[in-house]
Amino acid sequence: MGRIPCCEKDNVKRGQWTPEEDNKLSSYIAQHGTRNWRLIPKNAGLQRCGKSCRLRWTNYLRPDLKHGQFSDTEEQTIVKLHSVVGNRWSLIAAQLPGRTDNDVKNHWNTKLKKKLSGMGIDPVTHKPFSHLMAEIATTLAPPQVAHLAEAALGCFKDEMLHLLTKKRIDFQFQQSGIAPGTLQQPLTLQVIKTKRTIRLRRSN
DNA sequence: AAACGATTCAACCGCTACTAA
DNA sequence: CTTAGTAGCGGTTGAATCGTT
């Protein structure tokens, strides 16, 4: 048993769309509109799943879409709205004419998250990391803090091992010792992991 | 110049919400 | 009210591209 597939996967093309396919889809929609996505590929002469056609249209082919860089104003809007509604990408995109939920999501995940972290702001809660650490220290009892610290250190160890293997910086450590400030980045990671652990605990 | 890792973003997957019968 | 079909959403993946060594 299982879920009924939305289309016959064997007869369906996947992956990147060609300009020819784009043309077929665009001209079909221009003539007939976007009612019943299941029938659109068949009627438009496309070997694609209806879902794939809908996605291609809504995220790329729609004539009212913007394709360029996000402006500062748009970024500010995303950050502001995200602090209120969280990962409700379609809700956020609805406030940005010409942008899709996929655009907003991608931009958040690749740029804005890092930007906020770099400013010392947690991209999930939109609070400064220092506040979060203070919250953890004041709201939890010492055994919980100890447990959290242990979990966080475990994550930190994994992260560090990965880093050491990747960058081969263990050699540099041996050669020069740990320079002041070297641990800043991993400590930031530690804070992120600690927060993640708290979130998981709360959701359970 | 080549190899490798990091980044970006289009596309896919699986789930939920909605709607019509 | 129930059920089946469809649309929409958010998370994830992977190919293409870029940057670094």
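Note on naming: letters A, B, ... go to the chains in the order of the sequence lines (proteins, then strands), and numbering restarts at 1 for each one.
Distances shorter than 4.0 Å separate some side-chain N or O of A/Ser90 from OP1 or OP2 on C/dC9. For the pair A/Arg48 and B/dC12, the criterion of a side-chain N or O lying under 4.0 Å from OP1 or OP2 is met. For the OP1/OP2 pair of B/dA6 and a distance below 4.0 Å, the side-chain nitrogens and oxygens of A/Lys114 include no atom meeting the criterion. Taking only side-chain nitrogens and oxygens, A/Arg14 comes nearer than 4.0 Å to OP1 or OP2 of B/dC13.
To the nearest 0.5 Å, the span separating NE2 on A/His82 from CG on A/Leu91 amounts to 11.5 Å. Going from atom CD1 of A/Ile78 over to atom OG of A/Ser83 covers 12.0 Å, rounded to the nearest 0.5 Å.
Within the 4.0 angstrom heavy-atom criterion, no nucleotide atom of any strand lies near A/Thr58. Looking at heavy-atom distances under 4.0 Å, A/Asn106 makes contact with a base.
The one candidate from A/Glu74, A/Glu75, A/Lys113, A/Arg99 that meets the side-chain hydrogen bond (donor to acceptor under 3.5 Å, both in side chains) condition with A/His107 is A/Glu75.
One can place CG of A/Asn36 at 9 Å from C1' of C/dG5, the figure rounded to the nearest angstrom. Computed from coordinates, the A/Gln16 CD to C/dT13 P distance equals 18 Å when rounded to whole Å. Rounded to whole angstrom, the span from the CG atom of A/Asp103 across to the P atom of B/dA11 amounts to 12 Å. Taking atom CH2 of A/Trp89 as the reference point, atom P of C/dC9 lies 14 Å away to the nearest angstrom. Between the CD1 atom of A/Ile92 and the C1' atom of C/dC9 there is a distance of 13 Å, given to the nearest Å. A/Leu55 places its CG atom 12 Å from the C1' atom of B/dC9, with the value rounded to the nearest Å. A straight line from NZ of A/Lys111 to C1' of C/dC18 spans 12 Å, rounded to a whole angstrom. Counting to the nearest Å, the P atom of B/dA11 and the CZ atom of A/Arg62 are 15 Å from each other.
Counting only heavy atoms from C-beta on, A/Asn87 has its side chain closest to C/dG11 among C/dA7, C/dG11, C/dT12. In this structure, of B/dT8, C/dG10, C/dA7, it is C/dA7 that holds the atom nearest to the side chain of A/Trp37. When each of B/dG14, C/dG10, C/dC9 is scored by its nearest atom to the side-chain atoms of A/Lys51, the top-ranked nucleotide is B/dG14.
Between the base of C/dG5 and the side chain of A/Arg38 there is no donor-acceptor pair shorter than 3.5 Å.
Using a 4.5 Å cut-off between side-chain heavy atoms of Ile, Leu, Val, Met, Phe, Trp and Tyr, with links allowed through other members, A/Leu65 and A/Tyr28 fall into different hydrophobic clusters.
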Worked verdict on A/Lys13 versus A/Glu21 for salt bridge (charged side-chain N to carboxylate O under 4.0 Å, His left out): CA-CA 11 Å; A/Lys13 195 184 162 209; A/Glu21 287 177 310; 3.2 Å; yes

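Summary of the strand contacts: A/Arg56 and A/Asn109 both lie near DNA chain B, and taking for each the nucleotide with the nearest heavy atom, the more 5' one is attributed to A/Asn109. Two residues, A/Lys105 and A/Arg54, neighbour DNA chain C, and the one matched to the more 5' nucleotide by heavy-atom proximity is A/Arg54.
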